[in-house]
**Q** 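The structure that follows is given in the form of structure tokens.
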Amino acid sequence: MKHPNHHILFAAFIAALLFAQSNLSAQQRINFGVHAGEGIVVDILQPDVLDFGDRFSGEGPVSITPWDESEGDVVPLSITGVEYLDVTVTLTPPPGNKILLQGNTDPNDDQRSMPVNIKMAYYNTGPGGEVGEDLITAKAAAQEVTGDMVTFQIRRRPGGPPGPPPTPPHSGYVPPKSVAYLFIYGDLTVGNVNAGPYSGDINIHVEYSTYAFD
């Protein structure tokens, strides 16, 4: 049964592999959970892992962005919904903005945690329609978000005077759907930390926007 609140909850684990100077490798474990509410469909596309790769202790900052894939690739998500409605996306980063060594629960333990800054960007200027539009084009034109919340149109409306109002819902009417894209990426700082698998939780909440009018 679908939840009536028109929301998506996307729970993701991010992980970074850390190599000690002896090149001892570590394994990573990635888990995703997607819960789609009525009226919106969110799909995690490929790659479905935000992976900072194999790192060395004391290496310093490592970045993944939609515009420079030298260190890794972003995680793309498609958001399918009614094209003339807006959605609000809220990102909840890992607690304390840290990923933790397996078995560690203390984000203040600097030898068993790494600071991470999770970011997002969106793209809603395509022709709409089915998922599968060229993601290279979408990533190159994605709009970076400042902060952990953003509201945008499923399909960006052109400038100029507003168009006619959408057709009111009625029996047998199916509102037009379109696809927007959300990209998850970020920065990792690798300090003087112990070797092993590091992970943390990301939560993405997507819902149709509601507005209060006087």
Side-chain angles (χ1 to χ4, degrees), residues 2-14 32-50 63-69 72-93 117-169 173-186 201-212:
K2 292 184 176 180
H3 196 284
N5 289 333
H6 305 293
H7 72 275
I8 306 295
L9 182 62
F10 158 59
F13 280 82
I14 61 172
F32 285 91
V34 178
H35 306 278
E38 183 181 351
I40 300 175
V41 176
V42 173
D43 290 315
I44 307 170
L45 308 178
Q46 294 295 325
D48 58 2
V49 172
L50 185 60
S63 296
I64 295 175
T65 79
W67 310 283
D68 180 6
E69 300 175 9
D73 205 357
V74 302
V75 175
L77 293 84
S78 65
I79 302 174
T80 304
V82 177
E83 68 174 18
Y84 54 76
L85 295 182
D86 296 354
V87 290
T88 296
V89 179
T90 304
L91 183 152
T92 302
N117 182 21
I118 303 300
K119 303 177 183 179
M120 58 180 169
Y122 69 91
Y123 175 83
N124 66 341
T125 57
E130 299 295 328
V131 174
E133 184 176 354
D134 187 350
L135 285 178
I136 296 177
T137 299
K139 284 189 289 185
Q143 178 68 46
E144 188 168 18
V145 174
T146 300
D148 294 335
M149 180 181 291
V150 63
T151 296
F152 56 88
Q153 303 149 3
I154 288 286
R155 183 177 181 184
R156 183 176 179 180
R157 295 180 284 274
T167 303
Y173 172 70
V174 178
K177 299 291 184 71
S178 192
V179 179
Y181 291 95
L182 186 71
F183 299 99
I184 306 299
Y185 55 103
D201 298 335
I202 304 170
N203 290 298
I204 300 290
H205 184 87
V206 183
E207 62 185 351
Y208 283 127
S209 305
T210 57
Y211 302 95

**Q** Ignoring hydrogens, what is the shortest heavy-atom contact between Y123 and A141? Give both atom names and the distance.
**A** CE1-CB, 3.7 Å
**Q** Which of these passes side-chain contact (heavy atoms from CB on, under 4.5 Å) with I118: D148, T92, I184?
**A** I184
**Q** Go through the structure and list residues passing side chain to side chain contact (heavy atoms under 4.5 Å, CB included) with I154, not counting sequence neighbours.
**A** I79, V87, S178
**Q** What's the spacing between T65 OG1 and Y185 OH if we round to 0.5 Å?
**A** 7.5 Å
**Q** Holding to side chain to side chain contact (heavy atoms under 4.5 Å, CB included), I want the full list of residues that pass it with T90, two or more places apart in sequence or in another chain.
**A** T88, M149, H205
**Q** Which atom names give the shortest non-hydrogen contact between P76 and P47, and what distance separates them?
**A** CD-O, 3.4 Å
**Q** Answer whether the closest heavy-atom distance between the side chains of F152 and V145 falls below 4.5 Å.
**A** no
**Q** Using ring pair (Phe, Tyr, Trp, His ring centres under 6.0 Å) as the criterion, list what pairs up with F183, not counting sequence neighbours.
**A** none
**Q** Considering residues at least two apart in sequence or located in another chain, which fulfil the side-chain hydrogen bond (donor to acceptor under 3.5 Å, both in side chains) criterion with Q143?
**A** none
**Q** Rounded at 0.5 Å granularity, tell me how far CG in N124 sits from CZ in R155.
**A** 10.5 Å
**Q** So which atom in K139 and which in W67 form the shortest heavy-atom distance, rounded to 0.1 Å?
**A** O-NE1, 3.1 Å
**Q** Show the nearest heavy-atom pair for residues L45 and Y181, with the distance to one decimal.
**A** CD1-CE2, 3.8 Å
**Q** Looking at residues at least two apart in the chain, or sitting in another chain, which of them share a side chain to side chain contact (heavy atoms under 4.5 Å, CB included) with V82?
**A** Y84, L85, P175, K177, Y208
**Q** To check you understand the geometry: which heavy-atom pair defines the closest contact between Y122 and L182, and what is its length?
**A** CB-CD1, 4.3 Å
**Q** If I compare all heavy atoms of I44 with all of D48, which pair ends up nearest, and what's the gap?
**A** CG2-CB, 3.7 Å
